[in-house]
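So that the names make sense, note that chain A is the first sequence line, chain B the second, and so on, each numbered from 1. Here the structure is a predicted model, which is why all the values come from computation and not from measurement.
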Amino acid sequence: MSDPAPQPGSITARALAARGGAVAATNVPWLEGLNPEQLRAVETLDGPVLVLAGAGTGKTRVLTTRIAHILGTGRASPGQIMAVTFTNKAAREMKQRIGGMIGSAVEGMPWLGTFHAIGTRILRYHAELAGLKSSFTILDTDDQIRLLKQLIQAENIDEKRWPARQLAAHIDRWKNRGLLPDQVPASDGVFANGRGVELYEAYQERMAVLNAVDFGDLLVKPIKLFTENPDILADYHRRFKFLLVDEYQDTNVAQYLWLRLLAQGTDETKPNICCVGDDDQSIYGWRGAEVDNILRFERDFPGATVIRLERNYRSTSSILATASHLIAHNEDRLGKTLFTDMVAEDSEEKVTVASAWDSAEEARAVCEEIESLQTKSHPLNEMAILVRTSAQMREFEDRFFTLGLNYRVVGGPRFYERQEIRDALAYLRVIAQPEDGMAFERIVNVPKRGLGDTTVRKINALSRDQDMSPLAAARLLSETEEIRPAARTALRKLIEDFDRWRGNLDTLPHTELAEIVLDESGYTKMWQDDTSPQAPGRLDNLKELIRSMEEFENLAGFLEHISLVMDVDSAEQEDAVTLMTLHAAKGLEFDTVFLPGWEEGLFPSQRSLDENGKAGLEEERRLAYVGITRARKRAKLWFSSNRRIHGLWQSSIPSRFLDELPVDHVDVIEQTSSYGGYGARGYGNYGASRFDKPLEMDSAYQTPGWKRAQAARSTGKRPSSGPMTIEGELVARSVSTKASSFALGDRVFHQKFGYGDVSLIEGNKLTIDFDKAGRKKVVESFVTPHNQAG
DNA sequence: CTTTTTGAGCTATGT
DNA sequence: GCTCAAAAAG
């Protein structure tokens with residue numbers, strides 16, 4: 001996300017004043033205190049502008065001030081500015097800061113948001129043109145994989161050899177490049193011997209039936225919409241006078257196309273585009289980001305003004321020198337040099353590198369430092385531990401827990417990803433959007449209703465055959481004799497329940513409805529009867545969920561929010577250490593930053609090296625750069641000689657990045673106590689050879705008495721649904737309008753009942769007199785015509 | 001149909 | 001080490 005601008009009243013303000021580069025009092029209050037480059041970035045309103053903003057150079061400040069300036073000078077109204085960010089956090093922060101500058105006008109900035117949020121907005125508005133109903137659901141990764149799995153199975157492709165996960169990755173990659181099924185180059189047909197594209201197509205068709213989109217669609221579909229409907233695009237050209245893009249280095253091809261379409265316009269309606277970014281902080285290449293976009297800006301937008309922000313307001317000179325020296329090892333960069341003119345204080349600390357025997361020891365040592373800083377009255381809020389992978393978090397959490405140290409995990413297992421929350425949401429999704437088959441499937445048998453694999457399989461087969469939603473298929477099935485009586489009764493009951501709940505959608509407040517649903521479905525009871533230790537916590541979470549719904553006007557609004565905003569707004573102001581991944585840390589800053597796990601294979605990640613070679617290494621290095629530059633006063637790097645990978649202990653060697661740090665600005669800490677040794681200069685004598693003092697086995701290895709509340713495993717995202725206008729009859733209609741391909745008296749064959757004659761046709765439900773089984777009601781797709789001639 | 005057992009694979013990073 | 005999926009048992 002974006003770099004917070006200097007905090008007023010802190011070092012920064014003083015530094016600014018001392019520098020003389022700052023702009024003296026202007027008649028425009030928001031421009032005060034900007035340095036000349038920042039001022040230029042804010043005031044150059046006409047024509048394309050690229051702001052290359054290094055870490056801690058006041059990037060967000062420039063962006064927000066620019067918006068304030070546009071509004072303040074009356075160049076545009078809030079609705080005429082589109083401002084795109086990558087994360088919700090960034091969007092939220094910008095809203096806040098603009099609000100702080102110019103008052104409440106931010107409320108009226110409907111087009112400030114993430115690419116995905118704005119894409120959703122556009123799609124809902126023109127849903128029909130995209131082949132959707134505006135109530136469409138956004139599938140999360142979990143739903144996506146489940147759906148793909150079904151499709152793979154339906155195609156009789158070996159799921160072991162061609163896992164759904166992998167297909168999802170392919171599709172994601174295609175969408176990131178803005179490719180629709182028919183545009184995928186043949187050379188990309190590696191999945192399932194070239195059938196990947198076929199599956200991609202089937203996937204899109206299936207999602208259309210489910211009235212759903214995935215994250216990629218939120219970018220791809222608006223592009224398609226704009227290309228196919230120039231008049232609509234022209235509307236947007238007329239609407240937007242200014243286009244602002246944060247973190248431009250992170251845009252992928254699809255986002256680039258999206259922006260380019262919007263930035264075109266005619267001479268009179270061409271919006272002024274301003275992109276802000278830092279090629280050195282491009283860390284999302286694996287997600288399809290093209291650093292090239294930023295490198296190519298001047299060619300894409302002729303006559304562009306390029307402004308460099310290199311004056312850093314955040315970190316000490318040691319930290320800056322360390323980070324700069326490291327990043328200089330990258331070859332592919334535009335090249336910027338950060339500098340500070342803050343006077344180095346005597347107390348300035350060098351960046352430190354320390355080692356530990358193993359990861360538990362590392363966690364212990366880091367926590368010791370944290371506690372020691374805490375006793376010197378450093379707030380925990382000003383400390384962060386930044387790890388490469390979330391798997392590293394566990395050991396720190398264990399440690400925090402035993403010490404009773406307050407901590408918060410950012411981007412860890414998120415509230416909306418918890419099982420009970422997802423289940424509850426699935427119920428609500430089905431109510432709000434009956435086509436949402438993925439949600440329906442999730443809870444058909446939760447709590448257990450005797451609707452097992454077989455039934456679900458039948459529902460799915462039918463729904464795929466007939467291009468109808470699973471709920472519609474279930475409804476149909478429950479009226480026939482395809483499934484066993486017990487299951488049939490249960491299914492009918494469930495469908496009746498859903499009908500009733502949906503009937504209450506407009507009459508009851510949505511929170512109350514949610515309570516009723518959880519209650520009547522037996523979901524609450526399921527957890528009440530559960531004796532596992534987590535059950536009470538889950539019930540609490542459900543209550544919390546209901547509580548969080550109160551902030552929203554209706555169910556649709558709530559579901560929309562969580563589908564895009566996976567993190568629950570942590571309003572907790574409690575003093576706590578922050579624990580998060582390096583990726584999540586972008587845009588944040590702390591006085592003290594701990595960077596554990598600087599070992600070859602882990603950081604840089606082996607996988608990154610294997611898959612992307614030099615480019616991968618450079619991205620890892622940028623990640624290291626991002627990590628170090630998060631620190632204002634203290635950056636403390638660690639590596640440990642032994643680490644458990646996939647459950648096996650492996651000895652590790654220090655990261656090459658450690659060798660790339662400038663000796664003058666880095667202190668290598670010789671561990672006084674137990675930990676693995678590490679020579680004063682060379683990083684050579686790491687390793688298993690040296691630990692002078694026996695480890696304190698008791699504390700380092702005591703069994704973690706608790707497990708992390710929720711395994712961080714699920715990569716799922718949250719789906720949602722839209723407006724509450726649900727017409728229940730749509731389902732029924734879509735079913736009955738299809739003409740039956742059978743005629744009265746036709747001779748047919750059924751897998752289970754054998755041969756028979758059609759005696760009645762209702763839509764696609766057939767009543768058949770079977771030779772052996774007697775008269776049965778059956779859905780059309782379960783019978784095949786019997787060849788009379790044969 | 002549900003529960004338990006066994007076995008395989010796996011780990012980045014996030015909208 | 002941990003989780004999920006398929007297989008086996010109840």
Side-chain angles (χ1 to χ4, degrees), chain A residues 1 84-91 113-120 138-142 144-146 149 159-160 163-165 169 172 175-176 213-219 247 250-252 254-255 282-289 386-395 410-412 414 417 445 447-457 483-484 486-487 490 562-567 580-586 597 601-612 616 619-620 622-623 626-627 644-649 704 707-708 710-719:
Chain A
M1 78 157 256
V84 203
T85 65
F86 272 81
T87 64
N88 297 293
K89 220 170 27 171
T114 61
F115 274 102
H116 295 85
I118 294 177
T120 310
I138 302 162
L139 294 187
D140 61 35
T141 319
D142 243 37
Q144 215 184 104
I145 305 247
R146 268 191 296 147
K149 191 170 289 179
E159 213 195 310
K160 285 272 161 66
R165 227 163 232 305
D172 202 45
K175 288 187 176 175
N176 282 337
V213 299
D214 64 15
F215 270 102
D217 285 338
L218 296 177
L219 302 174
E247 307 282 14
D250 286 337
T251 47
N252 58 36
Q255 286 158 335
S282 160
I283 53 176
Y284 285 108
W286 51 273
R287 210 168 70 187
L386 310 182
V387 294
R388 175 68 247 266
T389 74
S390 38
Q392 290 170 260
M393 290 185 182
R394 172 179 259 104
E395 261 165 316
V410 176
R414 286 174 275 198
E417 280 173 7
N445 203 27
K448 302 254 184 310
R449 302 188 169 88
L451 300 169
D453 239 24
T454 339
T455 317
V456 173
R457 223 180 283 268
I483 51 176
R484 306 208 331 241
I562 56 183
S563 69
L564 293 168
V565 185
M566 286 304 300
D567 51 338
M580 63 182 144
T581 63
L582 286 158
H583 282 89
K586 188 151 81 146
L602 178 63
F603 191 29
S605 130
Q606 191 56 50
R607 186 162 156 185
S608 192
L609 263 42
D610 291 347
E611 287 174 12
N612 294 304
E619 181 155 315
E620 294 286 309
R622 289 194 291 268
L623 199 50
V626 167
R644 198 160 29 192
I645 296 164
H646 292 356
L648 294 169
W649 283 101
K707 293 189 170 180
R708 223 158 137 208
Q710 283 276 329
R713 183 193 44 75
S714 164
T715 52
K717 296 286 151 331
R718 228 340 358 99

Assess whether side chain to side chain contact (heavy atoms under 4.5 Å, CB included) is satisfied between A:Arg287 and A:Asn252, documenting all intermediate values. CA-CA 8 Å; A:Arg287 210 168 70 187; A:Asn252 58 36; over 6 Å; no

Applying side chain to side chain contact (heavy atoms under 4.5 Å, CB included) to A:Phe86 and A:Lys586, what does each step give before you reach the verdict? CA-CA 11 Å; A:Phe86 272 81; A:Lys586 188 151 81 146; over 6 Å; no

Nearest nucleotide by nearest heavy atom, which residue falls closer to the 5' end of DNA chain B, A:Arg287 or A:Ala487? A:Ala487

Looking for any heavy atom pair under 4.0 Å, which part of the strands does A:Lys149 touch: base, sugar-phosphate only, or nothing? sugar-phosphate

Note: for A:Phe115 and A:Glu611 on DNA chain B, the residue whose nearest nucleotide lies more 5' is A:Glu611

Expressed as a whole number of angstroms, how long is the span from A:Gln255:CD to B:dG14:P? 16 Å

Taking only N and O in the side chain of A:Asn88, is any of them less than 4.0 Å away from OP1 or OP2 of B:dG14? no

Would you kindly give the CD-to-P distance between A:Glu395 and C:dC2, to the nearest whole Å? 11 Å

Find the distance A:Lys448:NZ to C:dG10:C1' and express it as a whole number of Å. 15 Å

Ignoring hydrogens, what is the shortest heavy-atom contact between A:Lys175 and A:Asp217? Give both atom names and the distance. NZ-OD1, 2.8 Å

Taking CD1 from A:Ile283 and C1' from B:dT15, how many angstroms apart are they, rounded to a whole number? 14 Å

Between A:Thr581 and B:dG14, does any side-chain N or O lie under 4.0 Å from OP1 or OP2? yes

Counting only side-chain N and O atoms of A:Lys586, is one of them less than 4.0 Å from OP1 or OP2 of B:dG14? no

Let's see if you can work this out: which of B:dT15, B:dT11, B:dG14 has an atom nearest to the side-chain heavy atoms of A:Ala584? B:dG14

Respond yes when some side-chain nitrogen or oxygen of A:Thr455 is under 4.0 Å from OP1 or OP2 of B:dC1, and no when none is. yes

Can you tell me how far P of B:dT15 sits from NZ of A:Lys175, to the nearest Å? 18 Å

Which of these nucleotides, B:dG14, B:dT15, B:dC1, is closest to any side-chain atom of A:Phe215? B:dT15

Side chain of A:Arg644 - closest among B:dG14, B:dC1, C:dG1: C:dG1

Nearest-Å distance for atom pair CG/P, residues A:Leu139 and B:dT15: 17 Å

Spacing between A:Arg457 atom CZ and C:dA5 atom C1', to the nearest angstrom: 12 Å

Nearest listed nucleotide, side chain of A:Asp172, among B:dT2, B:dT15, B:dG14: B:dG14

Do A:Leu623 and A:His583 come close enough that some side-chain heavy atom pair is under 4.5 Å? yes

Show the numbers, then the answer: is there a side chain to side chain contact (heavy atoms under 4.5 Å, CB included) between A:Thr455 and A:Arg484? CA-CA 9 Å; A:Thr455 317; A:Arg484 306 208 331 241; over 6 Å; no

Among B:dC1, B:dT15, B:dG14, find the nucleotide with the atom closest to the side chain of A:Trp286. B:dG14

Quick one: A:Met393 CE to B:dT11 P, roughly how many Å, whole number? 17 Å

For A:Lys89 and B:dG14, is the shortest distance between a side-chain N/O and OP1 or OP2 below 4.0 Å? no

Of the non-hydrogen atoms in A:Ile138 and A:Ser563, which two are nearest, and what is the gap between them? CD1-OG, 3.4 Å

Answer with base, sugar-phosphate or nothing: what part of the nucleic acid does A:Glu620 contact at a heavy-atom distance below 4.0 Å? base

Remember a base hit wins even if backbone is also touched, and classify A:Arg388 as base, sugar-phosphate or nothing at under 4.0 Å, heavy atoms. base

For the side chain of A:His583, counting heavy atoms from C-beta on, which of B:dG14, B:dT15, B:dT2 is nearest? B:dG14

